[in-house]
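What follows is a set of notes on a single structure, which appears directly below.
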Amino acid sequence: VARRPIIAIDGPAGSGKSTTAAAVARALGYTHFDSGAVYRAVALVALGSLGPPETWAGAAVAGAAGRAPVAVHAGGGRFVVLVGGAPPGDALRSDAVTQEVSRVAAMAEVRDFVNGLLRSAAVDGGVVMDGRDIGTVVFPDAEVKVFLVADPEERARRRLRERGRTSDSDAIAMEAGALQARDRRDSTRAVAPLVQATGAVLIDTTALAFEEQVRQVIALARAATFGVP
Ligand code: CDP
């Protein structure tokens, strides 16, 4: 039996991937997987169980993640990442995790570990997955591939608003700098760098209303999977 479709949404930090993917999944009755949350869970485990980040080796980080264990669970259209059997909650979005996540995401052993979790969770399809390498590496045969981008200042504004922080021009400049530093690390790494996949549709959300970007992705999904229930 063929699997249901997979929609891959990739792009830089703060481009609106997760919120868009969640809305698209809701509209289509698919399950939304936030692959970044899994990398964040691995970083959280490393911070709690290994020494200073500069000393982390890929095998040690992947080993710690496997022992924790970092796992994913999908049920009833919802996706959760678990650490030691419990959802880590707000800790995934802490500044410490955000600062170190690109370091662990650049490690081949960590990527193999996470890819295994993501692929087995999505074997039946019917999934909207967002990340950096979903259309290039994790599901290169995804029916729909989208590459979401937006100007750094706009992404910074959204990020600050999301966290309920003030967004004066200094705060925006600092946040934009942090987002761009992470993009640089994600785009220049040797393994699975952030890049627009062959066949991915580029959507610039800088001046788009949220409903409009959701509508565009749903339209792509309907066009690509016409006739598939
Ligand atoms: O939500 P935000 O845009 O801040 O990032 P995220 O989606 O939570 O991803 C956090 C980090 O995980 C990224 O900066 C990447 O380093 C890494 N990541 C990755 O390497 N590959 C993925 N498929 C997803 C995330």
- prompt: When hydrophobic residues are tied together by side-chain contacts of less than 4.5 Å, even through go-betweens, does Leu179 share a cluster with Met174?
  reply: no
Donor-acceptor contact below 3.5 Å, side chain Lys17 vs main chain Ile9: no
- line: CG (Asp168) and CG (Leu160) are apart, to the nearest 0.5 Å, by 8.5 Å
- prompt: Per the side chain to side chain contact (heavy atoms under 4.5 Å, CB included) rule, which among Val104, Thr55, Val61 passes with Leu50?
  reply: Val61
message: How long is the straight-line distance from CZ of Arg103 back to CE of Met107, given to the nearest 0.5 Å?
response: 7.0 Å
task: Report yes if the side chains of Phe79 and His73 come closer than 4.5 Å at any heavy-atom pair, otherwise no.
output: no
- request: With the side chain counted from C-beta on, respond yes when Asp130 and His32 share a heavy-atom pair under 4.5 Å apart, and no when they do not.
  value: yes
message: Could you walk me through whether Leu92 and Leu44 satisfy the side-chain contact (heavy atoms from CB on, under 4.5 Å) test, starting with their C-alpha distance in whole Å, then the side-chain angles of each, then the deciding distance to 0.1 Å, before giving a yes or no?
response: CA-CA 7 Å; Leu92 287 189; Leu44 180 67; 4.2 Å; yes
field: Side-chain (Ser187) to main-chain (Arg184) donor-acceptor, under 3.5 angstrom
entry: no
- request: Would you name the heavy atoms of Ala74 and Thr31 that are closest together and state the gap between them?
  value: CB-CG2, 4.2 Å
message: Looking at Ser15 and Leu148, would you say the former's side chain and the latter's main chain have a donor-acceptor pair under 3.5 Å?
response: yes
task: Kindly indicate whether the side chain of Val114, heavy atoms from C-beta on, has any atom under 4.5 Å from the side chain of Ser35.
output: no
task: Decide yes or no for Ile203 and Leu208: does some side-chain heavy atom of the first lie under 4.5 Å from some side-chain heavy atom of the second?
output: yes
- request: For side-chain contact (heavy atoms from CB on, under 4.5 Å), just list the numbers for Asp124 and Arg4, CA-CA rounded to whole Å, side-chain angles, deciding distance to a tenth of an Å, and then say yes or no.
  value: CA-CA 6 Å; Asp124 298 329; Arg4 300 165 72 208; 5.8 Å; no
- prompt: Distance-only, no hydrogens or angles: does the Lys145 side chain make a donor-acceptor pair with backbone N or O of Gly135 under 3.5 Å?
  reply: yes
field: Of Arg159, Arg155, Arg163, Arg161, the residue whose pairing with Glu175 passes salt bridge (Lys or Arg N to Asp or Glu O under 4.0 Å)
entry: Arg163
message: Please report the interatomic distance CD1(Ile218) to CZ(Arg215), rounded to the nearest 0.5 Å.
response: 9.0 Å
task: Write down the atom of Leu47, the atom of Glu100, and the distance for their closest heavy-atom approach.
output: CD2-CG, 4.1 Å
query: Would you say the side-chain atoms of Arg119 pair up with the backbone N or O of Val138, donor to acceptor, closer than 3.5 Å?
result: yes
- prompt: Can you find a side-chain donor-acceptor pair between Thr206 and Glu154 that sits under 3.5 Å?
  reply: no
message: Salt bridge check, Asp151 against Arg157: does any charged N sit closer than 4.0 Å to a carboxylate O?
response: no
task: Might you point out which heavy atoms bring Val45 and Ala64 nearest each other, and give the distance in Å?
output: CG1-O, 3.6 Å
field: Single-linkage hydrophobic cluster Phe210~Val24, side-chain heavy atoms < 4.5 angstrom
entry: yes
Modelled atom types, side-chain donor and acceptor of Arg158 and Thr205, under 3.5 Å: yes
Nearest non-hydrogen partners of Phe113 and Gly66, listed with the distance: CE1-CA, 3.8 Å
- line: Ala221 and Ile7 have their tightest heavy-atom pair at CB-CD1, 3.6 Å
- prompt: Should Glu211 and Gln216 count as side-chain neighbours, where that means a heavy-atom distance under 4.5 Å?
  reply: no
- request: Please check if Phe33 and Val70 belong to a single hydrophobic cluster, counting links between Ile, Leu, Val, Met, Phe, Trp and Tyr side chain heavy atoms closer than 4.5 Å.
  value: yes
message: If hydrophobic clusters are built from ILVMFWY residues whose side chains come within less than 4.5 Å, do Val214 and Val127 share one?
response: no
- request: Carefully, step by step, assess Gln196 and Leu202 under the rule side-chain contact (heavy atoms from CB on, under 4.5 Å).
  value: CA-CA 8 Å; Gln196 185 174 347; Leu202 181 77; 3.8 Å; yes
- prompt: In Å, rounded to the nearest 0.5 Å, how long is the span from CG of Leu28 to OG1 of Thr225?
  reply: 7.5 Å
query: In terms of hydrophobic clusters joined by side-chain contacts under 4.5 Å, are Val128 and Leu118 together?
result: no
query: Should Val149 and Pro12 count as side-chain neighbours, where that means a heavy-atom distance under 4.5 Å?
result: yes
message: We want to know whether Arg132 and Tyr39 form a side-chain donor-acceptor pair, criterion being a heavy-atom distance below 3.5 angstrom.
response: no
message: Looking at every non-hydrogen atom in both residues, tell me the closest pair between Phe147 and Leu194 and how far apart they are.
response: CE1-CD1, 3.8 Å
- request: Taking only Lys NZ, Arg NE, NH1 and NH2, and the carboxylate oxygens of Asp or Glu, determine whether Arg40 and Asp34 approach each other closer than 4.0 Å.
  value: no
message: side-chain contact (heavy atoms from CB on, under 4.5 Å) for Thr136 and Val195? Distances and angles first, verdict last.
response: CA-CA 8 Å; Thr136 51; Val195 60; 3.9 Å; yes
query: Counting only heavy atoms not in Arg78, do more than 12 sit closer than 6.0 Å to its CZ atom?
result: no
- prompt: Is the backbone N or O of Val191 less than 3.5 Å from a side-chain atom of Arg189, with the two atoms forming a donor-acceptor pair by type?
  reply: yes
